[in-house]
Amino acid sequence: MTSSAMNAIGFIGLGVMGEPICRNLLKKSGKPLVVYDLAHEPLARLGADGARVGASVADVVSRTDVVFLCLPSARHVRIAFDGSAGLLQNIRPNQIVIDLGTSSVELTRGFARQFESRGASWIDAPIARTRQAAQDGTLSVMVGASPQLFDTVEPLIRCFATEVTLCGGTGAGQVTKILNNMVLFETVNALAEAVAIAKRSGVEPKLLLDTLSKGSADSFALRNHGLKAIVPGDFPLRAFSTEYALKDMSYALELAAQGGIEPRGAALVHEILQEAIDGGFGDAYFPVIAKLIDRDGSLSKA
């Protein structure tokens with residue numbers, strides 16, 4: 001199947017990232033879009049924009065050729081996958097499911113094997129960058145698939161992404177995204193430590209990070225998580241939460257153990273994330289770990 005031969009696209013999961021991704025697919029793909037979510041509000045908004053509203057996972061599968069998933073965790077993907085109304089029992093030969101979430105590599109490869117036995121394909125294509133990037137259509141997507149499948153779905157993915165990378169076969173997209181997040185979380189922890197030390201040493205945090213952004217310490221994390229979250233102390237709900245960060249760091253430690261690697265930095269940040277959750281910050285934007293480092297009261301829990 002080529003992208004031009006597809007009759008319709010399905011999309012399951014209309015959360016903070018899923019809804020704007022859908023909107024970009026509606027605008028740019030030229031294909032009918034059938035959407036489904038447990039929440040009524042995003043369904044109503046996308047329906048008003050021209051999407052067709054599905055009644056269930058099975059209904060979306062029955063009406064489309066390619067189905068995107070944008071779900072919070074492997075547990076949610078498992079729920080959509082299993083059962084009489086789930087993906088596996090309703091998938092048809094030659095259909096393609098593309099998982100945009102970050103999930104266990106082992107689980108991803110297991111799903112792909114089960115789909116292959118039914119003549120269908122499972123692609124891992126986890127997304128990176130911010131909610132604003134999802135709205136702007138400038139996400140980065142890391143794909144695990146055969147070159148032939150990649151060629152088929154790349155035009156659709158480019159409706160909402162400016163960077164689309166084939167990382168290797170099934171599971172390679174997940175490996176790459178998990179390690180992306182591992183590096184991000186460790187960098188954010190370093191930024192939180194630097195800000196706390198600067199404050200104790202008489203240097204204003206924003207000046208510090210503005211200055212670091214002009215040198216070798218510059219990074220996406222500094223310009224976004226550092227300047228926009230840690231410095232102003234802004235850790236909103238409905239952003240990438242500490243719970244989600246801990247989940248992804250757990251996947252990284254799992255991969256490390258399988259490879260015989262002992263990643264001490266990652267293990268420490270895993271502990272810090274858990275400490276933040278234990279302190280009541282599980283639902284907050286994950287740079288909230290800065291509150292564990294700066295304990296002078298200015299970042300204390302409200």
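Here, residue 1 is the first one in the sequence, and each next residue gets the next number.
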Assess whether a salt bridge exists between Asp218 and Lys214, defined as any Lys/Arg side-chain N lying under 4.0 Å from an Asp/Glu carboxylate O. no
Pair Ser103, Asp99 - check side-chain contact (heavy atoms from CB on, under 4.5 Å), show working. CA-CA 9 Å; Ser103 191; Asp99 183 11; 4.1 Å; yes
Using the rule that Ile, Leu, Val, Met, Phe, Trp and Tyr join whenever any side-chain heavy atoms are under 4.5 Å apart, tell me whether Phe220 and Phe235 fall into a single cluster. no
Looking at Arg23 and Asp49, does any basic side-chain N land under 4.0 Å from a carboxylate oxygen? yes
Is the distance between the ring centroids of Phe185 and His270 under 6.0 Å? no
Scanning both residues in full, the closest heavy-atom pair of Lys199 with Asp294 reads NZ-OD2, 2.7 Å
Indicate, with yes or no, if the rings of Phe111 and Phe81 have centres closer together than 6.0 Å. yes
So does Glu106 have more than 12 non-hydrogen atoms from other groups sitting under 6.0 Å from CD? no
Does Glu262, at its CD atom, have more than 12 non-hydrogen atoms belonging to other residues, nucleotides or ligands within less than 6.0 Å? no
For Val105 and Val175, the nearest pair of non-hydrogen atoms, with its separation, is CG2-CG2, 3.7 Å
Carboxylate-amine/guanidinium contact Glu154 Arg158, below 4.0 Å: yes
Which atom pairs, donor and acceptor, lie under 3.5 Å between side-chain atoms of residues 186-196 and protein residues at least two apart or in another chain?
| from | atom 1 | to | atom 2 | distance (Å) |
| --- | --- | --- | --- | --- |
| Thr187 | OG1 | Val183 | O | 2.7 |
| Asn189 | ND2 | Glu193 | OE2 | 3.2 |

Flag yes if more than 12 heavy atoms outside Asn224 fall under 6.0 Å of its CG atom; otherwise flag no. yes
Given Phe11 and Asp37, is the side-chain contact (heavy atoms from CB on, under 4.5 Å) satisfied, shown in steps? CA-CA 9 Å; Phe11 205 102; Asp37 194 275; over 6 Å; no
Is it true that Val143 and Val66 fall in one hydrophobic cluster, defined by side-chain heavy atoms closer than 4.5 Å? yes
Do Ile123 and Phe150 belong to the same hydrophobic cluster, where Ile, Leu, Val, Met, Phe, Trp and Tyr are linked whenever their side-chain heavy atoms lie under 4.5 Å apart, directly or via other members? yes
I would like to know whether Phe68 and Phe160 meet ring pair (Phe, Tyr, Trp, His ring centres under 6.0 Å); could you show each step before the answer? CA-CA 12 Å; Phe68 286 94; Phe160 54 84; 5.8 Å; yes
